[in-house]
Number of protein chains: 2
Amino acid sequence: MSTRAKRGATAAPSRPGRATGAPRYARVADALLADIERGKYAVGDLLPPELDIAEQYGISRYTAREAIRRLHDMGLITRRAGIGTTVKATHTQVRYTASISDITDLLHYSKKTQLKILSEDWVRIEGPLEPLLKDAAGQRWLKFSTLRYPAGGEVPISFTEILVHPTYERIRERMHEPNATVYRLLEDMHGETIHEVRQEIGCTALTRKTAALLGARAGGPALYVLRYYIGKGDSLMSLSINTYPQDRFKLSTSWRLDRRGDDR
Amino acid sequence: MSTRAKRGATAAPSRPGRATGAPRYARVADALLADIERGKYAVGDLLPPELDIAEQYGISRYTAREAIRRLHDMGLITRRAGIGTTVKATHTQVRYTASISDITDLLHYSKKTQLKILSEDWVRIEGPLEPLLKDAAGQRWLKFSTLRYPAGGEVPISFTEILVHPTYERIRERMHEPNATVYRLLEDMHGETIHEVRQEIGCTALTRKTAALLGARAGGPALYVLRYYIGKGDSLMSLSINTYPQDRFKLSTSWRLDRRGDDR
DNA sequence: TAGTGGTCTAGACCACTTC
DNA sequence: AAGTGGTCTAGACCACTAC
């Protein structure tokens with residue numbers, strides 16, 4: 001009980017389980033983590049209160065909190081004042097993540113593309129659209145038919161149909177501006193943020209009509225990408241239906257291993 | 001001063017008292033964030049030392065640290081003892097992330113699939129393989145040709161060629177086990193972890209040979225997915241080349257907005 | 001040697017939840 | 001009223017980096 005502070009940030013490269021020269025909070029965090037993995041605290045259980053943990057390990061409340069914070073950063077627990085600390089998972093659920101800085105990153109490598117609007121009209125959600133927009137069946141949505149070109153290029157990358165919830169019809173006013181994108185207009189004009197994008201990728205054969213628009217061979221293979229743009233509270237704001245003919249576009253994603261609980 | 005602690009985490013709408021109602025560290029973090037965005041501290045600059053910030057805002061070092069921690073959690077700064085706090089970015093670089101708990105999640109919705117190995121041999125990286133594995137040109141890699149079936153199904157989902165770096169040839173021993181996956185065997189048998197997966201998605205037309213294996217129409221559209229499995233230090237460990245005929249498989253990804261600096 | 005961030009203590013008041 | 005996590009203070013020693 002005499003040894004005071006141990007040391008600052010030493011090498012101590014996140015040896016899982018080991019705990020020789022690591023800070024106290026890290027050792028306590030490892031101990032708690034081991035308890036959770038061993039099942040001493042099951043999912044749904046409460047961890048002991050901070051003061052109990054502090055007493056149990058002979059540390060101050062600050063250090064106990066710092067240990068618990070690690071578990072929180074790993075996403076293993078939730079905390080609520082008045083309730084306590086609840087175990088939510090025994091292992092870090094997410095191991096790999098992919099990141100983008102901007103939704104545009106989903107669309108094309110090069111952000112330097114241009115959208116050409118072929119037509120703009122109101123459509124009723126029925127027929128082939130209905131399975132894509134079940135919850136909006138019968139509603140009238142704004143629809144843009146577009147081609148996307150590389151900067152200065154003559155050959156389109158994709159044929160894209162964009163459906164927009166009627167609430168946001170004002171974006172029509174500025175949709176023809178160069179470099180306009182639906183989601184940016186939604187943010188600018190309606191103050192709405194895209195909270196989530198759900199993307200579904202498949203393949204298809206080009207119809208005669210689409211092939212003609214894209215200058216590709218009818219029946220040829222094409223990437224078919226649906227993107228649902230979802231706002232606050234799971235509200236669907238927009239849907240885009242993209243068709244990319246073979247070899248004009250490649251979708252790349254990089255998934256990286258998370259090391260959240262280790263260093264920081 | 002006399003005023004001690006302010007308050008806990010409250011909503012506190014428009015109490016005309018002092019500041020907004022947010023904790024002090026949050027207000028200070030916002031102020032620092034504003035300074036960074038305004039350019040008062042440019043990228044590469046050092047933020048003032050903790051004690052200066054504490055003095056400047058009339059708070060304790062703990063509270064100043066807590067404020068700075070938020071900026072760190074947002075990825076805007078790096079900190080080093082003896083040096084100081086360096087501004088690394090003015091805005092959170094990553095806004096949207098997608099997560100998976102397991103690499104298997106990349107492959108198919110249902111994890112209940114079975115791999116059938118058609119053949120296994122050593123191939124030299126040349127010819128059509130060379131552009132995919134430039135750095136390994138001329139090397140001999142282990143290659144598996146496989147079909148993946150849904151649990152109990154008769155119709156394959158995909159034709160997959162798997163290339164494995166010669167270092168890891170031992171996985172051959174257990175590759176035929178049910179539910180074997182390359183990356184899990186790499187972890188089990190060689191103690192190597194996949195640090196990153198790079199995925200490239202395109203489309204193609206089925207060759208006669210592949211179509212025959214898959215029981216699909218030659219020339220029909222197919223998803224073409226390359227996955228590079230990368231270990232520590234950017235070392236390429238394995239590559240898989242997947243061909244999914246139309247309608248047998250859909251790739252889904254969900255990108256969520258990060259809200260790291262806001263609540264927690 | 002001086003100054004930085006990293007760790008730690010011992011206390012305190014607060015808001016929230018449960019009894 | 002009691003107990004929880006959330007916030008905050010005023011101090012301290014440490015390891016690291018620069019001078």
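The sequence lines fix the lettering, A, B, ..., with proteins before strands; numbering per chain opens at 1. In what follows, every heavy atom counts, from backbone to side chain, and hydrogens, waters and symmetry copies are set aside. Predicted, not measured: the structure shown is a model, and the values here were computed from it.
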(message) At a heavy-atom distance below 4.0 Å, what parts of residues 80-90 of chain B sit against DNA chain D?
(response) Arg80(B), Ala81(B), Gly82(B), Ile83(B)
(message) In this structure, how many angstroms lie between the P atom of dA15(D) and the CZ atom of Arg79(B), rounded?
(response) 19 Å
(message) Taking the side chain as everything from C-beta on, heavy atoms only, tell me whether Glu50(B) gets closer than 4.5 Å to Ile68(B).
(response) yes
(request) Find the distance Glu66(A):CD to dG6(D):C1' and express it as a whole number of Å. (result) 14 Å
(message) Please determine whether a side-chain nitrogen of the Lys or Arg among Arg70(A) and Asp73(A) lies less than 4.0 Å from a carboxylate oxygen of the Asp or Glu.
(response) no
(request) Taking only Lys NZ, Arg NE, NH1 and NH2, and the carboxylate oxygens of Asp or Glu, determine whether Arg69(B) and Glu66(A) approach each other closer than 4.0 Å. (result) yes
(request) Report the distance from atom OH of Tyr57(B) to atom P of dC8(D), rounded to the nearest whole Å. (result) 14 Å
(request) Classify the side chain of Arg61(B) versus the base of dG6(C) as yes if they form a donor-acceptor pair under 3.5 Å and no if they do not. (result) yes
(request) Whole angstrom is fine here: how far is it from CD1 in Ile77(A) over to P in dT4(D)? (result) 15 Å
(message) What's the closest nucleotide to the side chain of Glu50(B) if the choices are dT9(D), dG6(C), dT4(D)?
(response) dG6(C)
(request) Let me know the distance between OH of Tyr25(A) and P of dT9(C), rounded to the nearest Å. (result) 13 Å
(request) Can you figure out which of dC8(C), dC8(D), dG6(D) approaches the side chain of Ser60(B) most closely? (result) dC8(D)
(message) If the cut-off is 4.0 Å, is Arg65(B) near the phosphate of dG5(C), judged by side-chain N/O to OP1 or OP2?
(response) no
(request) Describe the nucleic acid contact of Leu51(B) in one word from base, sugar-phosphate, nothing, applying a heavy-atom distance below 4.0 Å. (result) nothing
(message) Once pairs are restricted to Watson-Crick or G-U wobble with both distances under 3.5 Å, how does DNA chain D read as a dot-bracket string, [ ] for crossings and | for other-strand pairs?
(response) ||||||||||||||||||.
(message) Check Arg27(A) with Asp30(A), please: is the shortest side-chain N to carboxylate O separation under 4.0 Å?
(response) no
(request) Answer yes or no: is there an ion pair linking Arg140(A) with Glu169(A), defined by an N-O contact shorter than 4.0 Å? (result) no
(message) Just the rounded figure in Å: distance from C1' of dC8(C) to CZ of Arg70(A).
(response) 16 Å
(request) Considering only NZ, NE, NH1 and NH2 on the basic side and carboxylate oxygens on the acidic side, decide whether Arg198(A) and Glu196(A) come within less than 4.0 Å. (result) yes
(request) Ignoring the backbone of Arg24(A), work out which of dT9(C), dT7(C), dG5(D) is nearest its side chain. (result) dT9(C)
(message) Is any side-chain heavy atom of Thr90(A) closer than 4.5 Å to one of Tyr41(A)?
(response) no
(message) Among residues at least two apart in sequence or on other chains, which ones pass side chain to side chain contact (heavy atoms under 4.5 Å, CB included) with Leu51(B)?
(response) Arg61(B)
(message) What is the distance, to the nearest angstrom, from the CZ atom on Arg69(B) to the C1' atom on dC8(D)?
(response) 14 Å
(message) When you compare the side chain of Leu76(A) with that of Val87(A), does any pair of heavy atoms fall below 4.5 Å?
(response) no
(message) By nearest heavy atom, map Ile68(B) and Tyr62(A) onto DNA chain C; which one lands nearer the 5' end?
(response) Ile68(B)
(request) Measure the distance from CG on Leu46(B) to P on dA18(D) and round it to the nearest whole Å. (result) 11 Å
(request) Taking atom types as modelled, find out whether Arg24(A) and Thr63(A) have a side-chain donor-acceptor pair closer than 3.5 angstrom. (result) no
